[in-house]
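Only this structure's heavy atoms are used, side chains among them; waters, hydrogens and symmetry mates stay out. Every chain is numbered from 1, with letters handed out A, B, ... down the list of sequences.
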Protein chains: 2
Amino acid sequence: MAVSIWLRPERTGRGPSPAFDRGRIAAAGVALADADGLAAVTMRAVADSLGAAPASLYRYVATRDELLELMVDQVNGEVSYDGLGAGDWLEDLLALAREARERYRAHPWLLDGIEAKIPLGPRATDFLEHALAACAAASVEPETAIEAVAVMLALVGALTRAELGRRAIGLTDSERRQAKSEYAAQIVKAGDHPHVAAALASRATGKATDPDAQFDRVVTRVLIGLLGGR
Amino acid sequence: MAVSIWLRPERTGRGPSPAFDRGRIAAAGVALADADGLAAVTMRAVADSLGAAPASLYRYVATRDELLELMVDQVNGEVSYDGLGAGDWLEDLLALAREARERYRAHPWLLDGIEAKIPLGPRATDFLEHALAACAAASVEPETAIEAVAVMLALVGALTRAELGRRAIGLTDSERRQAKSEYAAQIVKAGDHPHVAAALASRATGKATDPDAQFDRVVTRVLIGLLGGR
DNA sequence: GGCTACTGCGAACGACGATCGCAGTTGTGG
DNA sequence: CCACAACTGCGATCGTCGTTCGCAGTAGCC
């Protein structure tokens with residue numbers, strides 16, 4: 001029941017043919033989430049956008065959580081694995097990391113922490129397979145490889161979140177604006193947090209670093225640190 | 001209004017003295033979340049556990065999201081910064097990482113992704129201050145330091161999540177049990193995902209690795225990779 | 001051609017977050 | 001000393017949500 005992503009009871013042929021399928025429902029949910037965030041994905045809204053009644057969805061999806069699982073699996077199907085296996089393992093992993101970041105950019109609601117509480121779907125297994133294949137070329141133990149992939153994915157999420165400004169490690173944009181006339185500014189300037197203040201100042205005055213270059217650099221260093229090489 | 005963690009309108013003295021304070025409400029929310037997960041933290045449940053009516057909470061907290069902000073800030077106050085600054089920067093950062101992991105262990109609902117969509121609270125700023133102070137001893141630019149701290153925190157979350165088995169990068173425990181007789185097993189054994197199958201097999205047969213040693217090793221390697229040294 | 005297993009769905013339930021206004025309480029100013 | 005103002009907790013209620021139940025209709029099977 002919890003693994004319902006994988007399988008559905010097969011049709012006996014009896015009765016009217018279904019009006020939709022799980023793929024279309026998931027796609028409708030993804031469209032709503034892309035437009036107005038994860039909170040906009042209500043059963044009624046999805047049903048509306050499909051021209052159906054709210055109760056009809058439950059013929060295809062057991063619960064809203066399962067719909068979210070299908071949505072995550074759906075966007076995992078957008079990942080491309082072209083050009084892998086030609087270069088060295090580091091290039092392959094970096095390409096996979098870029099692909100994962102593109103997925104976060106296209107569907108920022110993935111950053112809301114849904115993936116963490118959703119079982120690994122079929123398309124996520126595809127990603128894992130390719131990532132482990134790349135690690136195998138680095139000739140490390142499987143446990144080390146799984147570890148490295150997990151770290152890489154967490155890393156991509158954190159970096160993309162920072163890039164999208166949804167929550168910088170410093171302050172949110174809107175907050176940074178408010179902070180000047182708020183208690184936050186007092187705390188920072190009071191000297192309780194000199195390093196934070198310095199970091200905020202340097203970030204304000206510093207030249208804008210290229211996010212793509214930063215991404216590649218950090219991911220590469222972490223992967224080399226974990227898998228050795230070079 | 002969004003930065004209400006930092007400040008509240010001061011009392012004029014007029015009227016009856018409040019029956020509670022934001023700290024007690026946050027503590028009640030933390031207790032509920034610790035016991036039954038984040039979903040159990042409803043305004044009514046928190047009010048009940050305080051012996052108050054649901055509507056009364058809104059005298060202290062503007063919205064449920066603000067209550068969650070207070071809860072996160074509350075548990076951030078449990079972090080200890082003792083013994084820092086004595087050794088080298090790597091030891092300090094590792095100690096902070098261990099402290100962060102302890103926080104996740106004590107309050108697993110932090111892994112549900114709340115932190116990501118909550119503005120940086122006062123106690124989180126304290127943590128950031130200590131972490132940046134440690135990075136300063138490594139003599140790196142502030143931007144690199146912020147980056148490294150963000151990566152470290154994402155890393156701690158990912159590792160702790162894996163350790164708690166809430167979602168291993170492989171499969172959930174309950175799922176791994178079901179998978180044997182489910183479609184998942186078919187996929188793995190069908191040969192579509194040989195590396196995933198190998199990793200699962202090696203994990204099943206492999207000796208149990210010490211999570212603490214693994215944690216220290218991974219965090220150390222990543223930090224060295226990001227901040228240089230050694 | 002009836003039986004059966006399906007379909008979509010109207011109506012409803014319970015729980016939730018949030019609001020409004022009222023009764024009670026406390027300090028303050030005249 | 002007392003009326004007013006500024007607070008308090010909170011009962012009642014609203015709108016929305018996820019989900020369930022049962023019914024009417026439909027298509028294949030024996």
With sequence neighbours excluded, tell me which residues meet side chain to side chain contact (heavy atoms under 4.5 Å, CB included) with [X].
| X | value |
| --- | --- |
| B:Glu143 | A:Ser202, A:Thr209 |
| A:Ala52 | A:Phe20, A:Ser56 |
| B:Ala33 | B:Leu38, B:Val41, B:Met71, B:Trp109 |
| A:Ala55 | none |

| query | Can you find a side-chain donor-acceptor pair between A:Glu115 and A:Tyr104 that sits under 3.5 Å? | reply |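 Short answer, yes.
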
| task | Provide the closest heavy-atom pair for A:Cys135 versus A:Val149 in the form atom of the first, atom of the second, distance. | result |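 For A:Cys135 and A:Val149, the tightest heavy-atom pair comes out as SG-CG2, 4.1 Å.
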
| So, does A:Glu99 use its side chain to make a donor-acceptor pair with the main chain of A:Ser80 at under 3.5 Å? |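 It does hold such a pair.
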
| Think B:Arg101 forms a cation-pi with B:Phe215, using NZ or CZ under 6.0 Å from the six-ring centre and within 45 degrees of its axis? |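 Judged by the rule, B:Arg101 and B:Phe215 form a cation-pi pair.
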
| request: Check whether any side-chain nitrogen or oxygen of A:Ser56 sits under 4.0 Å from OP1 or OP2 of C:dT7, and answer yes or no. | output: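 No, no such contact exists.
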
| said: Please list, in numerical order, the residues of residues 36-52 of chain A that have a heavy atom closer than 4.0 Å to any atom of DNA chain D. | reply: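 When residues 36-52 of chain A is checked for heavy atoms under 4.0 Å from DNA chain D, the hits, listed by number, are A:Val41, A:Thr42, A:Met43, A:Arg44.
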
| note | For nucleotides 19-30 of chain C, 5' to 3', base contacts (B), sugar-phosphate-only contacts (S) and non-contacts (-) with protein non-hydrogen atoms under 4.0 Å give B-B--BBBB---

| request: Find the distance B:Leu57:CG to D:dC10:P and express it as a whole number of Å. | output: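 So the two atoms are 10 Å apart, to the nearest Å.
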
| message | Between C1' on C:dC9 and CD1 on A:Ile25, what's the gap in Å once rounded to a whole number? | response |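 Interatomic distance, CD1 of A:Ile25 to C1' of C:dC9: 14 Å.
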
